[in-house]
Amino acid sequence: MKTIVSVFLYVIICSIQIYAVSAEEINLNAKAAVIMDAESGKILYEKSKDQKMPNASTTKILTCLYILKHCDLDQMAEVSKNAAMQPKVRLGVREGEKYKVKDLLYGLMLESYNDCAVVLAEHAEGSVEKFEKRMNQMAENLGTLNTHFVTPNGLDGIDKKGRHETTAQDLAKIMARCIKNQQFLEITQTKQYTFTDGSRKRRFICNNHNALLSSMQGVISGKTGYTSKAGYCYVGAVKQKNMTMTFSVLASGWPPHKTYKWKDVRKLVQYATDHYERREIIADTSKIKEISIKNGLKEKVLLKTGNLKAAFLVKKTDKIKIESILPSFIDAPVKEGQKVGKIKYLINGKSQKSVPIYAKQSVKQKDYWYYFEKIIQRFTLTT
């Protein structure tokens, strides 16, 4: 290792280059679409990702998540006149009836019942208007920048702050948080669910309308949506090739093109798996085991690092480098655990992760008493 006083020394430990053909544009029916890495939020492909658009019943993923986080699923929710008057698609609840919150969630997510959404919203916050405020706060906390929801079921609406709308990117972000909730996954993966009202006089059967669950490898969740303004919409999540991805398509055709959304999703997932991969990398630190000490009782100190294992979702044309940044020496005194440098992981020259390098032991400084002792020793030897 070449010594350079007072200057950091850059050592390239690992350099990886992966080559692949350049990506082509995807021919999508959807007016807006996104597929993103659920863990990092990295956008893998997008089309008009920030365009505000109506999103129909895909709204219900946020309604479901809010209820799961704020309500007792075993409690009974009473049906109001407002809830009973919701338009199709609906369960057909009647004013004064009571339903278990958990059962209504299955009606909400499997059959996309609009009346279930309103019963749940009113149960959680007392009114749809109060629920609207809370769900928008939740959306903002999840990192959405262009989302404003007016209704808990996704029906078109408008208030003082604007229309009911979101973006493809925001919707994929919301889904990324939803799939971290095990109860959300359990509900949205159920193929069929049966329940009754509180009096047990009425019995209902809900079937899951997410066709991709059984027709596409790795799909773990999803929600469809349609209104005449929004067109066919879909938001979902998939696990393939060691990657967990969320995706959304908005305005993916109008009747009779109900299957366009499935085709769009397949193209998005195919693109992502063709052009991206998750790579696990471990830095080789065999050349940075110790560092010189200036004015210390020892000439060198051993080094240790944090966890060197890292995983990155990268495009197959991305260049990955690992660099160590370490001074040629450090001044005494040195404390055990003192940070003396770092290891950087870079993709295309941009830092993605930094791992600290620590001193493994303490080293005292050569102080007055050290030199006094040396003088005494020399004097003793000479006499």
**Student:** Can we say Asp37 and Arg278 salt-bridge, meaning some charged N sits less than 4.0 Å from an Asp/Glu carboxylate O?
**Tutor:**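 Salt bridge present between Asp37 and Arg278.
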**Student:** Tell me if the aromatic rings of Tyr66 and Phe131 count as close, with their centers under 6.0 Å from one another.
**Tutor:**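 They qualify: ring centres under 6.0 Å apart.
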**Student:** Is the His164 ring parallel, tilted or perpendicular to the Phe149 ring (thresholds 30°, 60°)?
**Tutor:**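 Because their plane-to-plane angle is under 30°, the rings of His164 and Phe149 count as parallel.
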**Student:** Quick one, Met175 and Met245 - any side-chain contact, counting heavy atoms below 4.5 Å?
**Tutor:**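 Heavy-atom side-chain distance check fails, nothing below 4.5 Å.
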**Student:** Is any NZ, NE, NH1 or NH2 atom of the basic residue among Arg202 and Glu97 found under 4.0 Å from an Asp or Glu carboxylate oxygen of the other?
**Tutor:**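 Looking at Glu97 together with Arg202, the answer is yes, because their closest N to O distance falls below 4.0 Å.
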**Student:** Going by atom types alone, do Lys300 and Ser292 pair a side-chain donor with an acceptor below 3.5 Å?
**Tutor:**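 Yes, Ser292 and Lys300 have a side-chain donor paired with an acceptor closer than 3.5 Å.
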**Student:** Test salt bridge (charged side-chain N to carboxylate O under 4.0 Å, His left out) on Glu277 and Lys315; report intermediate values, then the result.
**Tutor:** CA-CA 7 Å; Glu277 62 184 359; Lys315 214 166 189 176; over 6 Å; no
**Student:** Step through it carefully: locate the ring centre of Trp262, locate the ring centre of Tyr234, and say whether they are under 6.0 Å apart.
**Tutor:**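 Yes - the distance between ring centres of Trp262 and Tyr234 falls below the 6.0 Å cut-off.
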**Student:** How would you list, by chain and number, every residue that makes a side-chain contact (heavy atoms from CB on, under 4.5 Å) with Ser112, sequence neighbours excluded?
**Tutor:**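 Partners of Ser112 by the side-chain contact (heavy atoms from CB on, under 4.5 Å) criterion, ordered by chain and then number, come out as Ser57, Lys60, Lys223.
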**Student:** Testing the 3.5 Å rule here: is there a donor-acceptor pair between the side chains of Glu122 and Ser80?
**Tutor:**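 Note: Glu122 and Ser80 side chains meet the donor-acceptor criterion.
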**Student:** Determine whether Leu142 and Lys173 make a side-chain contact, defined as any pair of heavy atoms from C-beta on separated by less than 4.5 Å.
**Tutor:**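 Side chain of Leu142 against side chain of Lys173, heavy atoms only: no contact under 4.5 Å found.
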**Student:** Salt bridge or not for Lys309 and Glu280, using N-O below 4.0 Å?
**Tutor:**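 Yes, charged N to carboxylate O under 4.0 Å.
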**Student:** Would Arg177 and Thr246 count as a side chain to side chain donor-acceptor pair (under 3.5 Å) if you check the C-alpha gap in whole Å, the side-chain angles of each, and the deciding distance to 0.1 Å?
**Tutor:** CA-CA 10 Å; Arg177 181 60 186 85; Thr246 58; over 6 Å; no
**Student:** Side chains of Ile158 and Val150: closer than 4.5 Å at any heavy-atom pair?
**Tutor:**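 A side-chain contact is absent here, since even the closest heavy-atom pair is not under 4.5 Å.
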**Student:** Do Lys339 and Tyr358 meet the cation-pi criteria used here (NZ or CZ under 6.0 Å from the six-membered ring centre, within 45° of the axis)?
**Tutor:**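 No; the conditions do not both hold, so Lys339 does not lie above the ring face of Tyr358.
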**Student:** Just by distance, no angles: are the side chains of His123 and Glu78 close enough, under 3.5 Å, to form a donor-acceptor pair?
**Tutor:**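 On atom types as modelled, these side chains do not qualify, holding no pair under 3.5 Å.
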**Student:** Testing Val314, Leu44, Ile35 for side-chain contact (heavy atoms from CB on, under 4.5 Å) with Tyr276, which one passes?
**Tutor:**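 Among Val314, Leu44, Ile35, the one that satisfies the side-chain contact (heavy atoms from CB on, under 4.5 Å) with Tyr276 is Leu44.
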